[in-house]
Structures are given as C-alpha cells and as structure tokens.
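One structure below.
Whatever order the structure lists them in is the order used to number ligands and atoms, beginning at 1. Hydrogens, waters and symmetry mates play no part in the numbers below; they use all other heavy atoms, side chains included. Just so we're clear, the structure is a prediction, and the values are computed from it rather than from any experiment. Each residue takes its place number in the sequence, starting with 1.
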Amino acid sequence: MSSSDNGHSQNGEQRGSLTAVGTGIRAVGQLTVEAIAHMRAADKLLYCVGDPIAEHVVKSMNENGAESMFHYYEENKPRAQTYEQMIQRMLECVREGMQTCVALYGHPGVFAWPAHEAIRRARGEGYEARMLPAVSAEDCLFADCGIDPAMTGCQSYEATDFMINGRVIDTSSTVILWQIGVLGDWSFKTGAYDTSSMPLLLERLRLFYPANHQAIVYEAAVYPGCKPTIRPIPLFSLPWSGVTAMSTLCIPPARAPAGDPSIYARLPQYGQQQR
Ligand SMILES: C[S@@+](CC[C@H](N)C(=O)[O-])C[C@H]1O[C@@H](n2cnc3c(N)ncnc32)[C@H](O)[C@@H]1O
C-alpha cells in the first residue's frame, strides 16, 4: 500500500480528500445511505442547499463540521464567480488535510459544475476525490410525469446553451430544458431573473415544433408530503408562462420515430422470426 492509499502522507499526517454528495431534491427522503455516512464521517461538511429543511438535515449530520457556502451568492453577482469561490473553499479544506465532504442539492454533478471542477483540481494536486450519485430534478420528473426515457429517448439541455449554441432536437424524443427560469441571465437573483430573452428561445423551438405544441412546466416537490407542480402550456405562451428558477421545461415528442426498415430486417432476432 502506498502512503497515499491509506489517506496519510509519508510523515503520517492525514491527507485531505474530497467527496461530493447530493441531498436529492427532497433532502427528507432522498438522501442516500452512503451520502449520510460520508456527511457524518467528514471533518468538514461544506454545503449549498436551497431550502431550510434541507439545511437543517445537513447540519444535523455533522454539527461541528458543517459550513454553508450559500453566502458566496450575492445579488447580481455572476454565478461563475460564486462557483469559483466555492471551488476554492473546497480545495482549501482539502489542502488543510481535512476529509472534506461537499453536499449540494439534487445530484452534485448534474447541472452543477463546481463539484466536478473541484474534484478535477483536487485529483490534479494528488488528493483522493470522488462523487457519489444522487436524485436529480430529472429523476423526479421521470417519476412524477410518468416518463420512461426508454420509450422516447431523451435529450437534456441547459436552456441558454440550447438557445445560443445551435443545438439540434430530435422531435421524436422527449426534450428537457433545464434552467429555463434563469434563461440568458448569468447572475444570481433572490427575486425574479431577467428572462427577457424568452422570445429568442421560442424562436429556436419554433424551428422544430408547432406553436401550440404542449410542453410541461415542471417543479418537483421540495418538502415531503407536498405535490409536484406539473403545468401543461402551449409553447407559444412560454414568454409569459411564469417559470421560476426551480422550473424545468419538459417537451414531449411531436412525432413517432421514423423507423429504419433496412436495419430492422438485418437484426438477428428478426431474421429468426421470419424463418
Ligand atoms: C443549478 S441546476 C441544479 C440541478 C440539481 N443539481 C439537480 O440534480 O437536479 C438548477 C436547475 O435544476 C432544475 N431544478 C432544480 N430544482 C428543481 C425542482 N424542484 N423541480 C424541477 N426542476 C428543478 C431547474 O431546471 C433549475 O433551474
């Protein structure tokens, strides 16, 4: 076993490490057993969660080590700057030799860049770093809206990325647009975001869908016992649909897939059925 395999340096000091865990969308109920174990065992438990119950749950896991990173968000401050500060704080703790756990809401690596980047940098400096999977908003959407991606396929995009980067949609698949409520706004807001670019998003969606195609504005329940919000809207009403920073847009398929008979006929199973 090398000196780093047992988490200690050559002079016997504990080496820092980083583990990213997710609290799920509903911390009460969706925290995994392995996430709880890591949160409890950590010397330092950094966290950034979106609601007071989740915060209470996280703090109760590690009374002494828990430290919120939410204060890095500030009104109108670019989110990229906040994320960089969070990454720096994670690395600081690791470099100080602490077994560091970072708990983020949802899945820590789904539409959540800081944990991925902190892990990449920590590994680059020779520290152990890893991410555990968790329940994301998309997982909740599949359950609440009764969608199995196996039936339609599924394309998931960050809404602004979809709008500005010429992403292409296969309209026979389910399309999920994340961060629809912060469209085109790179800053943090405690209140409403500036989504005045919504008509531009609509313009792009209209390249693929009719104006009255039904989409769903979805918000998973954050508290146990509460119901999700599943609001069908015609696409043309998107600019005044009242999406929030928590909303995810789900666009069901507009057509059946165009099968390829030439491939189908060459499938071994199909050939056997014909004999
Ligand atoms: C920065 S991302 C964080 C995603 C999170 N890491 C996860 O695993 O779901 C924020 C986006 O996630 C989606 N989201 C977060 N909470 C949600 C909720 N309760 N219901 C539906 N979508 C949600 C929205 O698209 C929101 O703009």
Side-chain angles (χ1 to χ4, degrees), residues 20-32 35 46-55 58 69-70 72-73 77-84 86-87 102-119 131-147 154-163 174-195 197-198 201 215-233 238 241-251:
V21 305
T23 61
I25 296 298
R26 279 186 291 291
V28 178
Q30 292 181 349
L31 261 172
T32 66
L46 300 172
Y47 66 92
C48 190
V49 292
D51 69 90
I53 293 188
E55 173 153 33
V58 170
M69 296 195 292
F70 197 84
Y72 292 125
Y73 284 112
K77 179 170 153 185
R79 293 196 297 279
Q81 203 178 322
T82 299
Y83 296 156
E84 179 58 30
M86 290 180 178
I87 293 165
V102 59
L104 304 176
Y105 85 97
H107 184 303
V110 170
F111 292 83
W113 176 73
H116 280 302
E117 181 59 16
I119 288 172
M131 180 179 285
L132 303 182
V135 177
S136 72
E138 190 173 270
D139 297 309
C140 296
L141 185 151
F142 290 148
D144 288 332
C145 299
I147 294 169
C154 184
Q155 288 180 267
S156 235
Y157 292 112
E158 201 280 329
T160 306
D161 165 61
F162 169 77
M163 180 175 70
T174 298
V175 170
I176 296 178
L177 294 185
W178 295 69
Q179 306 203 144
I180 185 88
V182 302
L183 185 77
D185 189 341
W186 280 271
S187 66
F188 173 79
K189 304 275 193 316
T190 43
Y193 280 76
D194 174 8
T195 55
S197 54
M198 204 65 92
L201 175 67
I216 297 165
V217 177
Y218 171 72
E219 286 185 17
V222 168
Y223 301 118
C226 295
K227 288 196 161 57
T229 305
I230 301 170
R231 201 154 44 87
I233 57 154
L238 201 51
S241 60
V243 290
T244 74
M246 263 174 60
S247 305
T248 297
L249 189 74
C250 174
I251 311 177

Between Val21, Ile53, Thr23, which is the residue that forms a side-chain contact (heavy atoms from CB on, under 4.5 Å) with Val58? Thr23
Nearest protein heavy atom to [atom], by residue and atom, and its distance?
atom	result
atom 26 (C) of ligand 1	Ala245 O, 3.2 Å
atom 21 (C) of ligand 1	Met246 O, 3.1 Å
atom 11 (C) of ligand 1	Gln179 CG, 3.9 Å
atom 6 (N) of ligand 1	Val110 O, 2.8 Å
atom 13 (C) of ligand 1	Thr248 OG1, 3.4 Å
atom 9 (O) of ligand 1	Ala137 N, 2.8 Å
atom 20 (N) of ligand 1	Ala220 N, 2.7 Å

When you look at Ile176 and Thr248, which way does the side chain to side chain contact (heavy atoms under 4.5 Å, CB included) test go after all the steps? CA-CA 7 Å; Ile176 296 178; Thr248 297; 3.5 Å; yes
Against heavy atoms of [X], which atoms of ligand 1 measure under 4.0 Å?
X	result
Ser136	7 (C), 8 (O), 9 (O)
Phe111	1 (C), 2 (S), 3 (C)
Glu219	20 (N), 21 (C)
Ile25	9 (O), 19 (N)
Tyr218	21 (C)
Gly106	7 (C), 8 (O)

So, does [X] use its side chain to make a donor-acceptor pair with the main chain of [Y] at under 3.5 Å?
X	Y	answer
Asp185	Asp194	yes
Arg79	Ser187	yes
Arg231	Ala215	no
His116	Gly109	yes
Gln179	Val182	no
Gln30	Ile25	yes
Lys227	Ala220	no
Thr195	Gly181	no

Quick check: Trp178 and ligand 1, any N/O pair under 3.5 Å apart? no
Considering distance alone, does some N or O of His107 sit under 3.5 Å from an N or O of ligand 1? yes
Heavy-atom distances under 4.0 Å decide this one: backbone, side chain, both or neither, for Ala221 against ligand 1? neither
Any idea which part of Pro108 is under 4.0 Å from ligand 1, heavy-atom wise: side chain, backbone, both or neither? neither
Chi angles and distances behind the side-chain hydrogen bond (donor to acceptor under 3.5 Å, both in side chains) call for Tyr83, Gln81: CA-CA 5 Å; Tyr83 296 156; Gln81 203 178 322; over 6 Å; no
Does ligand 1 have any atom sitting under 4.0 Å from a heavy atom of Cys140? no
The one among Tyr193, Tyr83, Tyr105, Trp113 that brings a heavy atom closest to atom 15 (C) of ligand 1: Tyr105
Can you label the angle between the Trp178 ring and the Phe111 ring as parallel, tilted or perpendicular, going by 30° and 60°? parallel
